[in-house]
Amino acid sequence: MAGSLTQPDLNQVRAWLGEVPDPEVPAVSVMDLGIVRDVRWDDDELVVSITPTYSGCPATSVITLDIESALRMKGIDRLRVERRLSPPWTTDWISEDGRRKLEAYGIAPPAESAGDGPSPFDRFLRKPLTIACPRCKSENTARVSEFGSTPCKAQYQCRDCLEPFDYFKCI
Amino acid sequence: MTGQDALFEYLLRLSDNALILGHRLSEWCGHSPALEEDLALSNVALDLIGQTQLWLSLAGEVEGKGRDADKLAYLRDARDFRNVLLVEQPNGDFALTMARQFFFDAWHYLLLRELKGSKDARIAEIAAKGLKEVTYHLERSRDWVLRLGDGTEESHRRMQTAIDDLWMYTGELFESDEVDQAMAREGIGADLAALHEPWLGLVRATAEEATLTLPQPGWAQRGGKRGIHSEHLGYILADLQFLQRAYPNATW
């Protein structure tokens with residue numbers, strides 16, 4: 001019965017999705033991360049298009065499940081979550097709000113725009129990026145490893161406050 | 001061979017390279033020289049297995065016989081695998097793993113960059129997705145070749161040995177057969193021979209900076225793309241496929 005007479009407004013749906021946390025980085029929502037690419041009504045069925053951050057990210061299927069259960073809780077019965085691969089996800093899609101939340105959570109947000117991505121052949125020649133410590137804001141930091149606890153992060157350490165932290169790498 | 005058959009073959013090559021190398025890297029999980037490297041190798045493995053899933057699903061769709069990515073990964077025999085010999089070589093020491101990775105990443109990067117422009121939109125979008133990940137892999141593996149090559153006497157010796165031992169498996173990466181040629185002609189696949197120059201340029205520059213010596217061009221081991229593998233693949237598959245073979249259709 002619920003939702004069958006009046007379809008919830010898409011802005012309302014987006015607001016609901018803004019409360020669905022990313023399973024691996026719960027400080028940000030799936031909207032903040034830019035994983036939700038489109039929300040639309042296909043007749044009386046709600047279609048949510050999502051894109052994976054990394055091809056092998058194990059969180060992708062959990063995200064689908066979380067979105068489905070969150071929207072069902074709001075009374076949406078006819079629902080389809082579809083995967084969209086193109087254009088590929090980029091950290092440029094993380095919202096300003098998302099970047100602030102990441103930093104407050106202790107994860108340094110991506111330091112530059114991914115753009116088209118310079119070829120590694122050029123990238124090898126340039127200076128490494130400066131990543132500021134999310135705790136004390138010092139720029140005196142060092143990379144510990146290119147990868148961290150999830151595919152989307154790298155490990156850094158602050159040389160001033162000595163705090164180890166995650167950096168949300170740029171792709 | 002029809003166009004669809006050639007496309008299926010081509011997709012198997014793309015997926016099997018990612019699958020077998022991803023599996024090899026996952027063997028390091030819990031055994032790496034440092035925790036950070038354990039995480040990194042597992043993450044690269046994860047990227048490659050994720051790419052495998054995309055390629056193999058598409059392969060199954062193109063084949064049209066109801067085989068999905070899992071069936072293709074778990075229920076094919078060694079002769080039906082199409083990966084190049086390089087990726088099935090045992091992990092050896094950390095230097096060998098990183099040398100193998102660097103040779104593969106540099107080639108993989110160039111290949112996906114071409115495939116991003118494939119006339120087959122399904123291939124183009126998987127390549128575009130994978131390219132972002134592989135760009136990162138390449139930076140890391142190149143970095144390790146430099147650090148170990150231009151490191152201590154011991155690390156230099158190990159990296160030089162790794163490069164010498166793996167060199168004969170790099171030739172196969174650039175050889176085209178009728179499948180590659182048909183795909184390249186139709187604008188679906190890449191011209192593999194054209195990748196050799198840029199690949200060699202990067203490998204040469206890296207070796208020089210790492211104070212390593214590249215072997216002279218010589219005999220190239222080949223066969224993987226046609227299903228003729230080294231003895232190592234069977235052991236990989238025994239490990240990879242055991243569960244589905246022993247308990248068909250098991251799920252969790």
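A note on names: the letters A, B, ... follow the listed sequences, proteins ahead of strands, and every chain is numbered from 1.
Interface remark: of the candidates A/A154, A/C57, A/P87, A/G148, A/G148 forms the most heavy-atom pairs closer than 4.5 Å to chain B.
Scanning both residues, B/E36 and A/V144, for their nearest heavy atoms gives CG-CG1, 3.7 Å. Counting all heavy atoms, side chain and backbone alike, A/P151 lies closest to B/L46 at CG-CD2, 3.7 Å.
No more than 12 heavy-atom neighbours from other residues, nucleotides or ligands sit within 6.0 angstrom of NZ on B/K119. For CD of B/Q53, the number of neighbouring non-hydrogen atoms (other residues, nucleotides, ligands) closer than 6.0 Å is 12 at most. Within a 6.0 Å radius of CZ in A/R83, other residues, nucleotides and ligands contribute 12 heavy atoms or fewer. Counting non-hydrogen atoms of other residues, nucleotides and ligands closer than 6.0 Å to CG of A/D44 gives a total above 12. Taking a 6.0 Å sphere around CZ of B/F174, one finds it holds more than 12 heavy atoms contributed by other residues, nucleotides or ligands. Surrounding CD of A/Q12 are more than 12 heavy atoms belonging to other residues, nucleotides or ligands, all under 6.0 Å away. In the displayed structure, B/E197 atom CD is contacted under 6.0 Å by at most 12 heavy atoms of other residues, nucleotides or ligands.
Residue B/L54 touches chain A through its side chain alone, counting heavy-atom pairs closer than 4.5 Å. Only the side chain of A/R143 comes within contact range of chain B, with heavy atoms under 4.5 Å apart. Only the backbone of A/T150 comes within less than 4.5 Å of a heavy atom of chain B; no side-chain atom from C-beta onward does. Contact of B/Q51 with chain A is made through backbone and side chain together, with heavy-atom distances under 4.5 Å. Contact of A/E146 with chain B is made through backbone and side chain together, with heavy-atom distances under 4.5 Å. With a threshold of 4.5 angstrom between heavy atoms, B/L41 does not approach chain A through any atom at all.
Rounded to the nearest 0.5 Å, atoms CG (B/N43) and NZ (A/K153) are 10.0 Å apart.
The shortest side-chain heavy-atom distance between A/T53 and B/K132 does not fall under the 4.5 Å cut-off. You'll find the side chain of A/S55 stays beyond 4.5 Å of the side chain of B/D47, heavy atoms only. Inter-residue side-chain proximity for A/L85 and B/R122 is flagged as unmet; no heavy-atom pair is nearer than 4.5 Å. Side-chain contact between B/K129 and A/W89 is present, with heavy atoms from C-beta onward closer than 4.5 Å.
Using the six-membered ring where Trp is involved, A/F147 and B/Y136 have ring planes that are perpendicular, over 60° apart on the 30 and 60° scheme.
For the residue pair A/S145 / B/E37, no side-chain donor-acceptor distance below 3.5 Å is found, with atom types taken as modelled.
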